[in-house]
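Each residue takes its place number in the sequence, starting with 1. Excluded from the calculations below are hydrogen atoms, water molecules and symmetry mates; all remaining heavy atoms, backbone and side chain alike, are included.
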Amino acid sequence: MAKRDFYEILGVSKSADAEELKRAYRKLAMQHHPDRNPGDKSADQKFKELNEAYDALKDDQKRAAYDRFGHAAFENGSRGPGDFAGGFSGGFADIFEEMFGAMGAARRGQAGPSRGSDLRYNLEISLEDAFRGKQTSVRVATFAHCETCKGNGAEPGSQPARCRTCQGHGRVRAQQGFFTIERTCPTCQGSGQVIEKPCKSCGGQGRVRREKTLSVNIPPGVEDGTRIRLAGEGEAGVHGAAPGDLYIFVSIAPHQIFQRDGASIFCRVPIPMATAALGGTIEVPTVEGSRTRVTVPPGTQSGHQFRLRGKGMTVLRSSVRGDMYINAVVETPMNLTKKQQELLREFEKAGESRKTNPESEGFFARVKEFFEDLRE
């Protein structure tokens with residue numbers, strides 16, 4: 001059967017440069033690689049054709065010979081594009097590493113059981129705890145190394161034996177086309193050893209399920225969403241493999257008085273109308289649990305903000321503190337007695353000539369001008 005044109009196999013024109021050839025080969029090789037199409041003989045054949053075509057066209061001399069003589073350039077015993085006697089070299093090796101780097105890394109790695117899984121623990125703390133910092137304990141359900149077999153999974157007095165399938169390498173090889181593919185050994189799962197007499201306490205896994213209590217240090221100034229890593233406190237790996245890590249995700253519960261924004265603390269404080277009008281002092285709480293006095297100047301309006309320097313949150317990993325902001329809300333009195341109502345009416349009447357409410361008077365003056373403009 002006549003061979004297909006190499007340019008047609010790669011889906012490029014005869015004027016394609018080296019980079020275009022490389023991109024085309026990489027895309028098609030990923031699509032038709034035998035590992036991605038197990039048992040598909042047509043994919044295996046296409047992969048062979050791709051290798052043959054790219055190996056001929058990536059080399060300038062081979063490509064020139066192919067452009068002139070076609071497939072005849074590699075017949076009669078010539079070192080053709082399908083001859084891999086010299087091993088992978090040049091651009092092909094680069095592409096192989098780029099596409100199958102993870103597989104190649106596994107091939108070069110050492111046999112042995114994989115490390116245990118990482119764990120996550122969600123911890124909610126109060127705003128006060130975030131301000132001061134806290135030493136607390138958490139209980140975590142996890143896998144720990146079996147004390148009976150010391151983590152190796154074998155019954156005491158016996159030892160794991162070398163896997164006969166992979167001869168202790170943890171990997172087995174299989175021939176696929178031009179390539180020898182290495183995979184994790186299905187018998188020992190990559191450990192290189194098998195347990196002939198499993199430990200009765202852990203069933204040969206080398207680890208058992210249990211709860212453990214851990215101490216966690218919450219630093220002052222910690223923010224919502226902070227992640228704290230406890231190295232080696234995750235799940236123990238099977239057959240004595242290293243444990244994973246435990247990650248504590250900190251969340252801060254909403255506070256009934258304060259709102260936090262970074263190192264700043266905000267507090268909404270209602271102020272009696274008489275205090276806002278005449279001036280005075282109010283006491284407000286602070287995040288560290290004390291009280292502080294704030295002077296309210298005469299004529300304070302709702303929305304006025306008072307700044308208390310150094311009364312905010314602790315800044316993480318420093319001795320600096322942010323500021324606290326008091327947002328004034330002038331409170332209108334309710335459930336007035338008849339005498340209070342009479343006094344307010346007298347107050348209102350007495351203030352008509354003194355412009356004691358400049359904001360409202362200014363607003364309604366603008367409203368009057370607005371409607372007069374509409375009539376014109």
Side-chain angles (χ1 to χ4, degrees), residues 1-112 114-115 118 165-167 169-187 189-190 192:
M1 186 176 67
K3 284 188 176 183
R4 292 174 60 199
D5 181 79
F6 286 160
Y7 291 102
E8 180 185 342
I9 291 172
L10 292 172
V12 297
S13 65
K14 289 189 176 183
S15 60
D17 59 17
E19 187 61 32
E20 189 176 351
L21 284 171
K22 182 178 178 180
R23 285 199 303 270
Y25 172 77
R26 180 172 56 188
K27 179 180 178 182
L28 293 170
M30 290 286 285
Q31 180 181 347
H32 298 294
H33 192 275
D35 277 357
R36 296 196 170 195
N37 303 274
D40 188 345
K41 293 183 178 180
S42 63
D44 188 60
Q45 182 60 35
K46 288 177 183 177
F47 191 62
K48 291 178 182 179
E49 288 183 342
L50 286 168
N51 293 331
E52 186 178 17
Y54 182 70
D55 191 63
L57 300 183
K58 72 182 178 67
D59 184 280
D60 291 340
Q61 292 183 353
K62 290 181 181 180
R63 182 174 181 179
Y66 178 76
D67 289 344
R68 185 174 180 183
F69 302 108
H71 294 294
F74 308 114
E75 295 174 355
N76 301 323
S78 300
R79 284 181 66 85
D83 187 353
F84 294 101
F88 300 131
S89 61
F92 184 86
D94 294 340
I95 293 173
F96 187 89
E97 183 67 24
E98 183 176 347
M99 291 191 301
F100 310 112
M103 185 172 64
R107 184 186 296 109
R108 293 187 298 271
Q110 297 297 318
S114 59
R115 143 188 204 276
D118 294 334
T165 304
C166 63
Q167 301 302 314
H169 295 292
R171 302 180 299 276
V172 292
R173 294 184 176 185
Q175 190 74 29
Q176 291 189 354
F178 292 109
F179 298 99
T180 299
I181 306 298
E182 287 187 350
R183 295 188 177 90
T184 300
C185 176
T187 303
Q189 304 300 319

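Thr184 contributes atom OG1, which lies 14.5 Å from atom NE2 of His169 (distance to the nearest 0.5 angstrom). The OH atom of Tyr54 lies 9.0 Å from the CG atom of Leu10; values are rounded to the nearest 0.5 Å. In this structure, Glu49 CD and Glu8 CD are separated by 9.5 Å, a value rounded to the nearest 0.5 Å. The structure places CZ of Arg23 at 11.0 Å from NZ of Lys27, a figure rounded to the nearest 0.5 Å. Atom CG of residue Asp44 and atom NE2 of residue His33 lie 9.5 Å apart, to the nearest 0.5 angstrom. To the nearest 0.5 angstrom, His32 atom NE2 is 11.5 Å from Asn51 atom CG.
Atom CG of Asp60 is surrounded by 12 or fewer heavy atoms from other residues, nucleotides or ligands within 6.0 Å.
For the pair Leu28 and Ile9, the tightest heavy-atom approach, listed with the atom from each and the gap, is CD1-O, 3.6 Å. Nearest approach of Leu50 to Ala29, heavy atoms of both residues: CD1-N, 3.8 Å.
Taking the side chain as every heavy atom from C-beta outward, Tyr25 and Asp55 never approach each other to under 4.5 Å. Looking only at side-chain heavy atoms (C-beta outward), Cys166 and Thr187 stay at 4.5 Å or farther from each other.
Under the side-chain hydrogen bond (donor to acceptor under 3.5 Å, both in side chains) criterion, Asn37 pairs with no residue at all, not counting sequence neighbours.
Side-chain contact check for Tyr7 and Arg63: at least one donor-acceptor pair (N or O, by modelled atom type) lies under 3.5 Å.
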